[in-house]
**Q** 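Structure in structure tokens, see below.
This chain uses plain numbering: 1 for the first residue, then up along the sequence. Computed from a prediction, not measured in an experiment: that's the story for all the values here. Only this structure's heavy atoms are used, side chains among them; waters, hydrogens and symmetry mates stay out.
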Amino acid sequence: GLLVAVLVTATLPAAGPATGTLAPVANAQTPRDQEIVYLPSNGQIVVADLAVPAGIRKVEWQSDDSGWQKVATGDFNGDSDDEIIALRGGQARVFDPVLQPGRQRVVFDQTVVGQVWEQVVTGDIDGDGQDEIILTRTTSEGDTVERMQAYDPNPSGTTWTLTFNEGFG
């Protein structure tokens, strides 16, 4: 089956594993921890915390739905915790499993009808402390077969601006 894995950074205070439907809550004053984000064969996004330092709470999270095909991580709101961007056909969505106190959950959901998101990369292109999302997708625009789009988040990661939109043949 398909297995895609990326490393994500999060920080959680010690309090035992998160249980139930509550998402883990992060604390910026504690040491940093790293998790693995992966896609098992059903395409459900899973966060695994394999090595938990003393004083850090284990992150245990999985998406409510399945069928996701690709994942990447990035810090889209500048809170020092990486969020997850996932692709499934024509849908690209951000998941924010570790919410810092006083922060809003990052929101990003872009769907293209009749096309497929092919690749996703993230990075702080403009140097503002928040990662942008760069996506490529198929297209049927005459001689253009691929389109690259870059999205820049507002400070809370709740609204996004399309900053680059270019087609390639």
**Q** Is Q104 atom CD crowded by more than 12 heavy atoms from other residues, nucleotides or ligands, each under 6.0 Å away?
**A**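 It does not: Q104 CD has 12 such atoms or fewer within range.
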
**Q** The criterion is side chain to side chain contact (heavy atoms under 4.5 Å, CB included); which residues satisfy it with V46, sequence neighbours excluded?
**A** Y38, P40, Q62

**Q** Under 4.5 Å between side-chain heavy atoms, counting indirect links through other Ile/Leu/Val/Met/Phe/Trp/Tyr residues: same cluster for I45 and I133 or not?
**A** no

**Q** How long is the span from the CZ atom in R105 to the OG atom in S156, to the nearest 0.5 Å?
**A** 13.0 Å

**Q** Might you work through the side-chain contact (heavy atoms from CB on, under 4.5 Å) test for I134 and V120, ending with a clear yes or no?
**A** CA-CA 6 Å; I134 299 96; V120 59; over 6 Å; no

**Q** Name each donor-acceptor pair under 3.5 Å that joins a side chain in residues 162-169 to protein atoms two or more places apart or in another chain, with its distance.
**A**
from : atom 1 : to   : atom 2 : distance (Å)
T163 : OG1    : A150 : O      : 3.3
N165 : OD1    : R147 : NH1    : 3.0
N165 : OD1    : Q149 : NE2    : 3.3

**Q** Give me the one residue out of V106, T122, D131 that meets side-chain contact (heavy atoms from CB on, under 4.5 Å) with E83.
**A**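 One option only clears the test, and that one is V106.
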
**Q** Please tabulate, for side-chain N and O atoms in residues 110-117, each donor-acceptor pair with protein atoms closer than 3.5 Å (sequence neighbours left out).
**A**
from : atom 1 : to   : atom 2 : distance (Å)
Q115 : OE1    : R137 : NH1    : 2.7
W117 : NE1    : G90  : O      : 3.0
W117 : NE1    : Q110 : O      : 3.3

**Q** Any idea which heavy atoms bring D65 and S63 closest together, and the distance?
**A** O-OG, 2.8 Å

**Q** According to salt bridge (Lys or Arg N to Asp or Glu O under 4.0 Å), does anything in residues 117-128 pair up with another residue at least two apart or in another chain? List the pairs.
**A** none

**Q** Under a 3.5 Å distance rule, please check whether D152 uses its side chain to pair with a backbone N or O of E132 as donor and acceptor.
**A** no

**Q** Say you draw a straight line from CG of L39 to CD1 of I84; how long is it, rounded to the nearest 0.5 Å?
**A** 9.0 Å

**Q** Using the test side chain to side chain donor-acceptor pair (under 3.5 Å), find all partners of Q91 that sit at least two apart in sequence or belong to another chain.
**A** R88, D109

**Q** Going by side chain to side chain donor-acceptor pair (under 3.5 Å), name the residues that satisfy it together with T138, two or more places apart in sequence or in a different chain.
**A** none

**Q** I need the T161 OG1 to N154 CG distance, nearest 0.5 Å.
**A**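 These two atoms lie 7.5 Å from each other.
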
**Q** Which heavy atom of D49 sits nearest to which heavy atom of Q34, and what is that distance?
**A**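 Taking every non-hydrogen atom into account, OD1-O, 3.5 Å.
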
**Q** Counting N and O atoms only, with roles assigned by atom type, does the side chain of Q69 sit under 3.5 Å from a partner on the main chain of G43, one being a donor and the other an acceptor?
**A** no

**Q** Using only atom types and a distance under 3.5 Å, with no angle test, would you say the side chain of S66 pairs donor to acceptor with the backbone of Q44?
**A** no

**Q** When hydrophobic residues are tied together by side-chain contacts of less than 4.5 Å, even through go-betweens, does V94 share a cluster with L135?
**A**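 As far as the 4.5 Å side-chain criterion goes, L135 and V94 are connected within one cluster.
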
**Q** Is I85 reachable from V71 through a run of hydrophobic residues whose side-chain heavy atoms are each under 4.5 Å from the next?
**A**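 No, it is not one cluster - the side chains of V71 and I85 are not joined through contacts under 4.5 Å.
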
**Q** Write out all pairs satisfying ring-ring contact (aromatic ring centres under 6.0 Å, His included) with one or both partners inside residues 126-163, taking only residues at least two apart or from two chains.
**A** F76-W160, F108-Y151, F108-W160

**Q** Grab the two heavy atoms, one from P53 and one from A51, that are nearest each other, plus how far apart they are.
**A** CD-O, 3.5 Å

**Q** Is there a path of hydrophobic side-chain contacts, each under 4.5 Å between heavy atoms, that joins V98 and V47?
**A**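 Yes: a chain of side-chain contacts under 4.5 Å links V98 to V47.
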
**Q** Are F95 and L87 connected, step by step, through hydrophobic side chains (Ile, Leu, Val, Met, Phe, Trp, Tyr) whose heavy atoms are closer than 4.5 Å?
**A**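 No, F95 does not connect to L87 through the hydrophobic network.
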
**Q** Which heavy atom in G78 sits nearest to a heavy atom in R103, and how many Å separate them?
**A** O-NH2, 3.6 Å

**Q** Decide side-chain contact (heavy atoms from CB on, under 4.5 Å) for D81 and Q100; before the verdict, give the C-alpha distance in whole Å, the side-chain angles of both, and the deciding distance to 0.1 Å.
**A** CA-CA 8 Å; D81 282 331; Q100 292 276 5; 2.8 Å; yes

